[in-house]
Enquirer: 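Next up is a structure, given as structure tokens.
Throughout, residue positions are numbered sequentially from 1 according to the sequence presented. Numbering of ligands and ligand atoms starts at 1, following listing order.
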Amino acid sequence: MIYHVVSVSGGKDSAATLLLALERCPRENVIPIFCDTGNEHAEVYKYLAYLEQALDITIRHLKADFSEQIASKRRFIANDQRTRREYETVPVFDAEGNPVPKRDGRGRVVMHKVRRDGVMLDEPVQKTKKIGGGRKVRWTNKAKRRALAILYPTGNPFLDLCMWKGRFPSRKAQFCTEELKRNMAVSFQIDLIDHGHKVVSWQGVRRDESQNRKHAKKIERIGPSLFAFRPLVEWTAMQVFDYCGRNGLHPNPLYKQGMGRVGCMPCINVGKDELVQISVRFPGHLEEKARWEGVVSQASKRGFSTFFNKELHDDNKADRRVHEANRVEAVIEWANTGRGGRQMTFFADFIEPTACASSYGLCG
Ligand code: SF4
């Protein structure tokens with residue numbers, strides 16, 4: 001049997017993708033899935049229920065569970081007796097400014113494989129040297145007591161993931177997408193393949209969405225029985241709205257409330273304007289993230305971690321001053337300031353919480 005697994009997020013692109021799948025494939029072979037991050041707006045759940053009813057189909061909710069990882073982290077923290085330190089390193093250059101190669105114990109240059117222009121080459125590894133005094137790898141007894149008092153699964157995948165990792169994700173370490181969405185969807189699909197089926201993974205990706213997606217392929221063979229199909233790669237956002245509208249499907253109401261995209265509420269990468277909208281319209285979500293900061297900080301070895309990592313401090317090392325500048329309250333204040341981040345704009349005062357602020361002109 002060929003199953004068409006459609007990843008549904010509550011946004012317009014995945015709704016259009018689901019519509020297309022139902023139009024083109026036998027209904028009994030279409031399986032819509034929703035990977036619940038636990039950081040969703042209530043409107044997303046309502047919209048999924050609306051889709052189920054409007055399209056007469058059941059959407060399967062997949063939710064990651066990190067109870068085992070948290071239990072094993074508790075054991076690790078309780079047992080941790082390491083004494084070494086971890087250092088920042090910088091690359092070493094000779095007097096002419098050429099990279100100095102790293103050598104092993106016998107004086108031989110250490111090589112590694114790198115891909116250049118699609119060709120795998122052997123290149124020397126550059127020597128590095130330690131800088132600064134380093135930081136303790138070991139959990140201090142104080143940090144152990146603090147973390148062990150709070151490290152219990154809450155049942156919320158996003159929060160549990162961050163407690164397990166001891167930090168929030170960031171643009172450079174975006175493990176949330178991987179752990180909460182991609183891994184869940186892939187495990188579901190692999191399970192079907194293990195039961196002897198073929199799987200086509202329908203994804204509502206558009207090339208004009210972002211740089212990362214600029215070269216998205218329409219069809220991709222991922223494995224012997226697994227294919228990715230992205231029917232919207234050449235569509236624009238307006239085409240997607242039009243297509244849904246022609247088929248009698250309403251867009252998620254969040255689009256009419258200033259949200260450029262429907263996903264986590266908020267996403268760790270949220271932009272300044274959208275954050276202002278969220279702080280006015282859905283302040284409860286930001287208050288919740290501020291509470292999460294307290295919990296994840298308590299579960300972290302350093303004792304602090306912030307939901308946003310906006311590089312709002314000149315010194316970008318992970319220390320307490322940077323942490324203070326990135327706290328949810330501080331980031332909201334920053335979002336409400338004008339150019340240069342110094343002058344309050346009072347912009348937020350003029351946003352009526354019920355007014356339409358859709359960036360797609362939906363309420364035209
Ligand atoms: S929407 Fe943002 S916060 Fe949510 S999983 Fe994706 S990157 Fe992470």
Enquirer: Is any side-chain heavy atom of Lys217 closer than 4.5 Å to a side-chain heavy atom of Val233?
Expert: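 No, their side chains stay 4.5 Å or more apart.
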
Enquirer: Does even one non-hydrogen atom of Glu40 get within less than 4.0 Å of ligand 1?
Expert: no

Enquirer: Output the list of atoms in ligand 1 that are nearer than 4.0 Å to some heavy atom of Cys267, sorted by atom number.
Expert: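 By the 4.0 Å cutoff, the relevant atoms are 1 (S), 2 (Fe), 3 (S), 7 (S).
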
Enquirer: Quick check with a 6.0 Å cut-off and a 45 degree axis cone: is Lys198 positioned over the face of Phe227's six-membered ring?
Expert: no

Enquirer: Could you check whether any side-chain N or O of Gln298 sits under 3.5 Å from a backbone N or O of Arg146, counting only pairs where one atom can act as donor and the other as acceptor?
Expert: yes

Enquirer: State whether Arg116 and Glu123 are salt-bridged, where the test is any N-O pair (Lys NZ or Arg NE/NH1/NH2 against Asp/Glu carboxylate O) under 4.0 Å.
Expert: yes

Enquirer: Closer than 2.8 Å to atom 2 (Fe) of ligand 1, do we get an N, O or S atom from Cys264, backbone or side chain?
Expert: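 No, since none of the N, O or S atoms of Cys264 sits under 2.8 Å from atom 2 (Fe) of ligand 1.
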
Enquirer: Go through Arg230 and Glu220 one step at a time and tell me if the salt bridge (Lys or Arg N to Asp or Glu O under 4.0 Å) criterion holds.
Expert: CA-CA 9 Å; Arg230 306 178 185 102; Glu220 225 176 321; 2.8 Å; yes

Enquirer: Give the numbers and elements of all ligand 1 atoms closer than 4.0 Å to a heavy atom of Ile268.
Expert: 2 (Fe), 3 (S)

Enquirer: Among all the protein's non-hydrogen atoms, which is closest to atom 6 (Fe) of ligand 1, and how far away is it?
Expert: Thr177 OG1, 3.7 Å

Enquirer: Identify, by atom number and element, the atoms of ligand 1 in contact range of Arg261, meaning under 4.0 Å from any of its heavy atoms.
Expert: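 Checking each atom against Arg261, I get 1 (S).
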
Enquirer: Would you call Glu293-Arg327 a salt bridge at under 4.0 Å N-O?
Expert: no

Enquirer: Walk me through it: do Asp208 and Arg206 pass the test salt bridge (Lys or Arg N to Asp or Glu O under 4.0 Å)?
Expert: CA-CA 6 Å; Asp208 72 356; Arg206 288 181 298 105; 2.4 Å; yes

Enquirer: Any non-hydrogen atom of Cys176 lying under 4.0 Å from ligand 1?
Expert: yes

Enquirer: Nearest to atom 7 (S) of ligand 1, what protein heavy atom do you find, and at what distance?
Expert: Gln174 NE2, 3.3 Å

Enquirer: Please confirm whether Leu180 approaches ligand 1 to less than 4.0 Å, judged on its heavy atoms.
Expert: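 False for this residue.
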
